[in-house]
Amino acid sequence: MGHIQVLDFAVANLIAAGEVVDRPSSAVKELVENAIDAGSTGITVEVKRGGIAFLRVTDNGCGMSREDAQNCIKRHATSKIREASDLDSILTLGFRGEALAAIAAVSKLRIMTRCRGDEVGTLVSCENGEEVTVTDAGCAEGTTIIAEELFSNVPARRKFLKTDATETASVSAVVEKMALSHPEISFKLITDGNLRFSTPGDNKLINAVHAVFGRDFAKNLIRVGGMTNGIEIYGYIGSPSNIRKNRNFENFFINGRYVKSRTVAAALEQAFDSYIPEDKFPVCVLNVRIHPALVDVNVHPAKLEVKFSNERLIFDSVYSAVRSTLMESIRRPVIELDEALKSEMEAVKIDSPFVPLPDRTVQKPKAESPYAPLYERPASAPPQSKPSVPIERAEPNPMPQAESIKAEEPIQTVEAIAATEPMPIIPPSDDEPMPVSSISAPSVPNEKPVVTPPLPQKPDAQTVKREEINPITIATAPSAEEKAEPAIPERLDERENAPVFKIVGDVFYSYVVVETPDRMLMVDKHAAHERILFEEMKKRMDGQKVSSQILMMPLRTHLSAEELAASVQYREEFLKFGFDYEPVQNESAVKLIQIPSDLAVSEAPMTFQQMCADLIAGRDASVSRQIAFEKAIYQTACKAAVKAGRVHSDEDLQYIVDKLLRLDNIKYCPHGRPVAFEITKQWLDNRFKRS
């Protein structure tokens with residue numbers, strides 16, 4: 001007798017059931033897919049004990065005739081395909097004809113169905129794949145399928161199931177994906193008698209997201225839409241503040257089918273690369289519409305994976321849609337109080353809206369900043385003399401009473417106040433020299449130098465030491481011996497469409513407080529400058545003007561064999577970026593003869609080596625040359641940017657803030673940290689009970 005035997009049909013069914021239905025959520029997925037294919041507008045899923053004890057899926061679709069109801073539980077019985085050529089253009093979710101047969105083989109199954117227009121429905125009962133009975137039944141139009149005691153006849157598989165709570169969560173995740181993939185259908189999920197969620201079915205994706213994930217999640221989404229190369233990308237992506245520690249909230253749908261695609265995930269994460277930290281992942285509900293002939297959905301038993309005929313085309317389409325949306329739509333983060341502090345502030349009651357203020361009739365003399373004024377002085381304003389600031393701290397002068405204010409006195413505008421407002425001058429020290437600004441201070445004839453008392457210094461080795469500051473310091477530009485490498489390589493001289501702002505101060509030498517007409521900003525000067533430099537470097541890659549410096553003495557840089565190969569492969573991008581170099585014969589090294597102008601000479605060799613190393617690490621078939629080189633310039637922007645905790649001139653801070661407000665895409669640094677937070681004037685008025 002031979003060793004190879006044909007398995008019994010019942011045993012073969014059990015094996016096949018294990019491939020298609022391995023847990024209750026798999027059964028729910030197959031049944032809901034059939035309900036969607038039936039043209040339903042409403043689907044209700046109900047489970048008990050995670051679906052192990054009881055599972056019911058009800059729809060209002062087209063229903064089945066008695067003959068179809070009997071045949072649907074047979075192996076490979078399907079109405080979706082008839083010929084082999086149909087596999088090239090599958091438009092339905094289910095097509096193999098294995099789902100109901102697999103579920104019937106491992107449970108007590110009941111099917112109640114009635115076609116539209118029929119007077120009587122059909123009830124099909126089956127227990128563990130045997131004893132099939134068919135009777136007439138009174139039921140609503142559509143189909144209801146009930147599966148009880150799942151895997152009762154397969155104890156080996158049942159013991160590998162998780163706890164009821166875990167299985168319930170798995171079922172919820174499946175129904176959530178179905179609801180997001182078809183917002184035109186109303187979904188209801190009931191677990192152990194409790195309504196988990198319900199979607200409206202109004203064909204609005206954002207409403208489905210709101211019902212499934214909640215309001216807080218939905219309000220931090222950005223709409224994506226576009227078509228590239230015949231591929232339509234639409235849906236929602238999370239803002240850079242709406243991120244997660246894992247990929248659980250990356251939801252991808254190909255032609256209405258939820259899938260796990262490495263290509264689409266890589267494109268999404270590459271698009272977010274310079275907007276979120278490296279250890280975080282974006283969230284999305286992203287749909288990809290593609291011709292069915294260009295995607296193969298028959299590569300996975302559970303149909304969770306697909307195969308594209310052109311992976312690169314899909315990657316580029318998703319990347320360009322998400323990246324362009326981020327560049328156009330991201331907003332600056334808003335500072336929000338936690339709930340406890342909000343409740344505490346809202347609980348404060350003010351007995352009287354009138355609060356006495358001290359009298360300030362005697363105004364403190366103002367000194368004009370030696371730097372260029374923030375706002376242009378009005379043409380009619382006469383030149384004012386600028387008395388020096390006294391060293392002693394002046395007592396607060398009382399404010400004039402209401403009756404002492406004259407009606408004919410003109411009210412100063414914000415611009416006029418800012419033009420005469422003195423800027424704080426931080427004196428240079430020996431161990432941290434200040435850079436010389438490229439715009440010289442305006443000279444005023446017969447003017448005494450402005451003096452300021454020393455500011456409290458930060459107890460840090462990088463900052464100015466208190467004992468090294470004289471009691472009175474002349475506010476002059478640092479000498480040539482004191483200057484360091486310029487932190488800001490250029491200045492904005494144009495005043496057309498200039499943003500209106502006022503720098504209030506520099507907190508901890510790291511954060512700049514900025515006032516605009518309707519809001520206040522807290523700016524991280526290092527992160528902001530880093531993003532500004534990064535955007536300027538990217539412009540060079542796009543063929544715009546290259547700013548570089550030629551070295552009198554070439555810098556020799558040793559590279560590994562792979563790094564040397566990367567320098568040859570990406571030479572065109574390096575030239576656009578501002579690097580020019582020559583290989584050293586018979587050695588694994590290059591001579592740098594030209595470097596970017598905003599990069600310190602001492603940092604150039606190490607930066608070039610790091611960029612070559614990053615290019616090697618990012619070399620992937622799914623990553624384009626531009627993306628790979630873009631990742632390699634992160635380090636360069638970080639090294640060239642101003643550093644937190646160090647003293648910088650008012651001109652430097654004004655340059656950074658001016659650029660920040662001019663460029664809409666300066667919201668997050670290349671490493672994903674926020675550049676600035678904002679507080680609106682209305683929010684402050686509400687908190688202080690002024691509204």
Side-chain angles (χ1 to χ4, degrees), residues 262 265-281 312 315 319 323 485 526-527 529-542 546-549 551 553-641 643 668-673:
R262 295 182 180 179
L268 173 74
E269 293 166 12
Q270 286 289 342
F272 271 89
D273 194 50
S274 61
Y275 291 93
I276 62 176
E278 293 183 356
D279 58 341
K280 297 297 189 296
F281 297 91
R312 183 49 178 262
F315 178 93
Y319 175 86
R323 188 73 172 188
E485 294 177 3
H526 170 74
H529 192 211
E530 183 180 5
R531 187 73 194 195
I532 292 170
L533 293 178
F534 176 73
E535 294 297 330
E536 292 176 349
M537 293 173 183
K538 284 205 306 181
K539 289 181 180 179
R540 299 172 187 169
M541 295 173 55
D542 298 334
V546 178
S547 178
S548 57
Q549 53 181 329
L551 302 177
M553 297 294 294
L555 295 175
R556 187 187 184 90
T557 305
H558 182 76
L559 303 174
S560 67
E562 292 183 341
E563 292 172 347
L564 184 61
S567 68
V568 174
Q569 179 181 356
Y570 292 92
R571 179 175 177 79
E572 182 179 350
E573 285 82 0
F574 274 114
L575 291 175
K576 292 181 180 179
F577 184 65
F579 277 109
D580 194 5
Y581 48 91
E582 297 176 350
V584 179
Q585 293 184 358
N586 302 325
E587 293 186 31
S588 182
V590 297
K591 291 190 298 183
L592 298 178
I593 59 178
Q594 181 176 294
I595 63 174
S597 59
D598 43 20
L599 183 64
V601 176
S602 59
E603 298 283 354
M606 185 62 68
T607 301
F608 186 83
Q609 294 174 7
Q610 184 64 43
M611 293 178 70
C612 292
D614 291 340
L615 290 171
I616 295 171
R619 187 176 297 166
D620 191 294
S622 62
V623 182
S624 65
R625 294 171 62 93
Q626 182 177 359
I627 299 172
F629 199 83
E630 183 177 300
K631 292 187 66 175
I633 65 178
Y634 293 167
Q635 191 76 7
T636 305
C638 183
K639 288 181 177 295
K643 302 300 185 289
Y668 293 84
C669 80
H671 300 95
R673 294 191 299 107

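Atom set for the values below is all heavy atoms of this structure, side chains included, hydrogens, waters and symmetry mates excluded.
- Partners of Glu603 by side-chain contact (heavy atoms from CB on, under 4.5 Å), not counting sequence neighbours, listed by chain and number: Leu599, Ala600, Thr607, Lys639.
- In this structure, Ser588 contributes its side chain and Leu559 its backbone to a donor-acceptor pair below 3.5 Å.
- Side-chain atoms of Tyr275 and Arg531, non-hydrogen and from C-beta on, do get closer than 4.5 Å to each other.
- Here the CD1-CG distance, from Ile595 to Leu551, works out to 5.0 Å after rounding to the nearest 0.5 Å.
- In this structure, Ala641 and His529 approach most closely via the heavy-atom pair CA-ND1, 3.4 Å.
- Between the OG atom of Ser567 and the CE atom of Met611 there is a distance of 11.5 Å, given to the nearest 0.5 Å.
- For Ala527, the side-chain contact (heavy atoms from CB on, under 4.5 Å) test picks out Asp524, Cys669, Arg673, Val675, with sequence neighbours left out.
- For the salt bridge (Lys or Arg N to Asp or Glu O under 4.0 Å) condition, the pairs that include at least one residue of residues 580-597, sequence neighbours left out, are Arg556-Glu587, Arg571-Asp580.
- Shortest non-hydrogen contact noted between Gln609 and Glu563 is O-OE2, 4.1 Å.
- With sequence neighbours left out, Ala265 forms a side-chain contact (heavy atoms from CB on, under 4.5 Å) with Glu250, Phe252, Glu269.
- Residues Ala604 and Leu555 share a closest heavy-atom pair of CB-CD1, 4.3 Å.
- For Tyr581, the ring pair (Phe, Tyr, Trp, His ring centres under 6.0 Å) partners two or more places apart in sequence, or in a different chain, are Phe574, Phe608.
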